[in-house]
Peer 1: 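One structure follows; several queries about it will come next.
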Amino acid sequence: MASSLPILLVGTDHRNAPIELREKVSYGADEAERTLVHLLAREEIAEAYLLSTCNRTEVYVVAQGYDSAYRTAAEVVFVKREAQLEELGHLYVQRGDQAARHLLRVASGLESMVLGEPEILGQVKTAAGLAESIGAAGPLLQKLQRYAARAGARARSETAIGTGAVSLGYATVELARVIFDRLGDLRILIVGAGETARLVARNLIDKGASRVRLANRGQERAAALRAELPTIEIVPFGDLAAQANDSDLLVTTTSADESLLSQEDLPVRRSRPLLVVDLGVPRNVEPAVGRLENVFLHTVDSLETLIQKNLKRRREEVAKVEELIEEELAQYLGWARGLAAEPMIEQLQKKAEAIRQRELLVAQARFPTELHDEVDRLTRSLVRKILHNPSAHLRGQGRTEGELELIRELFRLDGDE
């Protein structure tokens with residue numbers, strides 16, 4: 001049976017479109033708010049929710065008609081900014097149960113570029129908060145967002161989908177934690193100011209590092225990175241050996257053709273260990289450095305081995321995450337079907353009340369006037385108690401369309417008595 005859930009998803013992500021197109025449909029908070037308001041102004045859309053991250057832009061709507069809602073959602077969110085997304089087939093569309101399931105998978109990290117990455121759950125919640133604050137998300141999407149958040153939280157607490165480093169930045173943090181007790185106590189030097197340096201610096205700072213220095217040949221890029229991460233201290237690139245010797249963790253990320261540090265640059269460490277993470281290609285640190293006492297040298301290859309091991313562990317958890325997603329989805333769909341039964345419950349109550357009123361008029365003629373109010377209260381109570389269980393049953397986990405049709409026929413809700 002086709003799903004009767006009136007939710008429509010239109011989106012694009014890292015699997016379907018290159019960054020050159022995705023970045024054109026990236027929405028900040030203010031832009032997202034204006035777009036949601038624009039969508040709600042259209043009669044074919046009853047509710048809307050917009051999720052925009054560096055790897056995806058998706059709009060979920062409660063559709064009054066799938067075709068017209070698709071045309072509006074695609075036009076407003078995507079085509080106005082970059083027509084090629086639709087023209088070249090970079091958009092995906094899902095409906096009903098599949099659209100709901102997709103959001104739960106997104107929140108659980110199964111649709112991310114990096115399997116199980118933790119940031120997406122917070123992004124889903126932030127987008128939900130915006131949609132709810134301006135009244136764009138009504139009952140169907142608000143409830144879906146809450147089930148998505150719950151699925152994402154369960155995925156991280158009940159499975160290992162988010163454990164282990166699967167990026168160079170996280171792998172560097174994980175290595176540092178093996179050797180040192182507290183990141184906040186470390187003297188850290190990062191050499192380079194490109195994307196890898198940025199990711200490493202952000203991960204270290206997010207995990208508690210507070211003494212991060214940066215050395216880079218070009219001051220402009222170093223200043224740009226410091227503007228993004230203002231706790232970083234810029235130090236002279238020409239003083240690299242001295243800065244390295246005054247560090248507990250050294251991370252090199254440049255593409256320099258020659259080695260930046262040799263065995264002679266680093267004297268014997270004795271009581272204080274030094275972790276050197278060389279992410280440069282070609283290598284920035286001579287291999288002989290790893291033979292120094294109390295110096296631990298890791299290259300991009302050793303980190304890649306760690307990352308692949310952790311990714312394998314995460315992939316083994318996918319089936320567990322999918323199982324809990326189906327549990328949460330079943331509960332949401334049951335609730336949604338119960339919501340769909342509300343008009344029928346209202347019809348049932350109105351019909352019962354009409355019958356009560358007619359019979360009450362007949363009955364009251366047989367009783368003294370002073371008992372009329374008592375008879376009214378009695379019959380009202382009887383009707384309420386008789387309808388309680390059928391109404392609770394209809395709301396419960398929801399009924400299929402076939403069950404609703406049977407109830408409609410049994411109580412003759414579509415016609416006269």
Side-chain angles (χ1 to χ4, degrees), residues 1-8 40-49 61-66 68-69 95-97 100 128 131-147 150 327-417:
M1 180 186 297
S3 171
S4 59
L5 191 65
I7 295 179
L8 172 70
L40 288 178
R42 304 292 289 271
E43 63 180 12
E44 59 270 28
I45 292 177
E47 303 178 30
Y49 166 66
V61 301
V62 172
Q64 306 287 34
Y66 277 126
S68 57
R95 298 180 178 183
D97 298 8
E132 191 166 343
S133 70
I134 65 172
L140 278 174
L141 290 185
Q142 282 186 27
K143 200 75 167 181
L144 176 60
Q145 291 155 6
R146 287 166 191 158
Y147 274 99
R150 194 163 76 176
E327 291 174 6
E328 296 295 334
L329 179 65
Q331 290 190 49
Y332 171 69
L333 294 178
W335 171 86
R337 286 193 294 269
L339 189 67
E342 288 297 329
M344 177 175 290
I345 293 170
E346 185 179 354
Q347 280 183 290
L348 189 58
Q349 291 171 340
K350 284 182 177 179
K351 185 155 191 174
E353 177 61 16
I355 294 171
R356 186 188 77 86
Q357 290 286 354
R358 287 197 296 272
E359 295 302 318
L360 181 63
L361 286 175
V362 175
Q364 284 178 334
R366 304 192 188 106
F367 290 91
T369 303
E370 60 269 21
L371 294 179
H372 285 187
D373 287 347
E374 188 63 32
V375 173
D376 180 61
R377 281 193 295 271
L378 174 64
T379 56
R380 192 183 302 276
S381 176
L382 283 172
V383 168
R384 185 168 61 248
K385 289 178 179 179
I386 290 169
L387 292 182
H388 173 74
N389 284 338
S391 299
H393 182 71
L394 284 168
R395 289 188 176 103
Q397 283 301 308
R399 305 298 107 203
T400 65
E401 190 59 40
E403 289 175 310
L404 293 178
E405 184 59 34
L406 177 60
I407 292 168
R408 196 175 285 114
E409 291 177 5
L410 285 173
F411 288 96
R412 300 181 66 183
L413 297 180
D414 289 335
D416 298 329
E417 294 179 43

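The first residue in the sequence is number 1, and the count goes up from there.
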Peer 1: Which residues satisfy the ring pair (Phe, Tyr, Trp, His ring centres under 6.0 Å) test with Tyr332, sequence neighbours excluded?
Peer 2: Tyr147, Trp335

Peer 1: Ignoring hydrogens, what is the shortest heavy-atom contact between Ser68 and Glu44? Give both atom names and the distance.
Peer 2: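 The answer is OG-CB, 3.4 Å.
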
Peer 1: Which residues satisfy the salt bridge (Lys or Arg N to Asp or Glu O under 4.0 Å) test with Arg150, sequence neighbours excluded?
Peer 2: Glu328

Peer 1: Using salt bridge (Lys or Arg N to Asp or Glu O under 4.0 Å) as the criterion, list what pairs up with Glu359, not counting sequence neighbours.
Peer 2: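 So Glu359 forms no salt bridge (Lys or Arg N to Asp or Glu O under 4.0 Å) with any residue.
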
Peer 1: Only counting residues at least two apart or in another chain, list the ones meeting salt bridge (Lys or Arg N to Asp or Glu O under 4.0 Å) with Glu327.
Peer 2: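 Applying salt bridge (Lys or Arg N to Asp or Glu O under 4.0 Å) to Glu327 gives Arg154.
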
Peer 1: Drop me the distance from Gln145's CD to Gln142's CD, to the nearest 0.5 angstrom.
Peer 2: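 So the CD of Gln145 and the CD of Gln142 are separated by 7.0 Å.
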
Peer 1: Can you name the salt bridge (Lys or Arg N to Asp or Glu O under 4.0 Å) partners of Arg384, sequence neighbours left out?
Peer 2: none

Peer 1: In Å and rounded to the nearest 0.5 Å, what is the NZ to CD distance from Lys143 to Gln331?
Peer 2: 9.5 Å

Peer 1: For the atom pair CG (Leu382) and CZ (Arg377), what is the distance rounded to the nearest 0.5 Å?
Peer 2: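 Leu382 CG to Arg377 CZ: 13.0 Å, rounded to 0.5 Å.
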
Peer 1: Leu8 and Ala69: which non-hydrogen atoms are nearest, and at how many Å?
Peer 2: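 Taking every non-hydrogen atom into account, CD2-C, 3.8 Å.
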
Peer 1: Tell me the closest heavy-atom pair linking Ala352 and Val383, and the distance in Å.
Peer 2: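 Looks like CB-CG1, 3.8 Å.
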
Peer 1: Find the distance between CG (Leu329) and CG (Leu333) and round it off to the nearest 0.5 Å.
Peer 2: 4.0 Å

Peer 1: For the CD atom on Glu43, are there more than 12 heavy atoms of other groups (residues, nucleotides or ligands in this structure) within a distance under 6.0 Å?
Peer 2: no

Peer 1: Quick one: CD1 on Ile355 to CG on Leu360, what's the gap to the nearest 0.5 Å?
Peer 2: 13.5 Å

Peer 1: With a cut-off of 3.5 Å and sequence neighbours excluded, list every side-chain donor-acceptor pair involving residues 365-372.
Peer 2:
{"residue": "His372", "atom": "NE2", "partner": "Gln364", "partner atom": "O", "Å": "2.7"}
{"residue": "His372", "atom": "NE2", "partner": "Phe367", "partner atom": "O", "Å": "3.1"}

Peer 1: Mind listing the closest non-hydrogen atom pair of Ala131 and Tyr49 along with its distance?
Peer 2: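 Result for this residue pair: CB-CD1, 4.0 Å.
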
Peer 1: Quick one: pull up CD1 in Ile45 and CD in Gln64 and give me the separation to the nearest 0.5 Å.
Peer 2: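 Answer for the CD1-CD pair, Ile45 versus Gln64, is 9.5 Å.
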
Peer 1: Compare all side-chain heavy atoms of Leu140 with those of Leu5 and state whether any distance is below 4.5 angstrom.
Peer 2: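 A side-chain contact exists here, since the closest heavy-atom pair is under 4.5 Å.
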
Peer 1: Does any part of the side chain of Thr379, heavy atoms only, come nearer than 4.5 Å to the side chain of Glu353, both counted from C-beta?
Peer 2: no

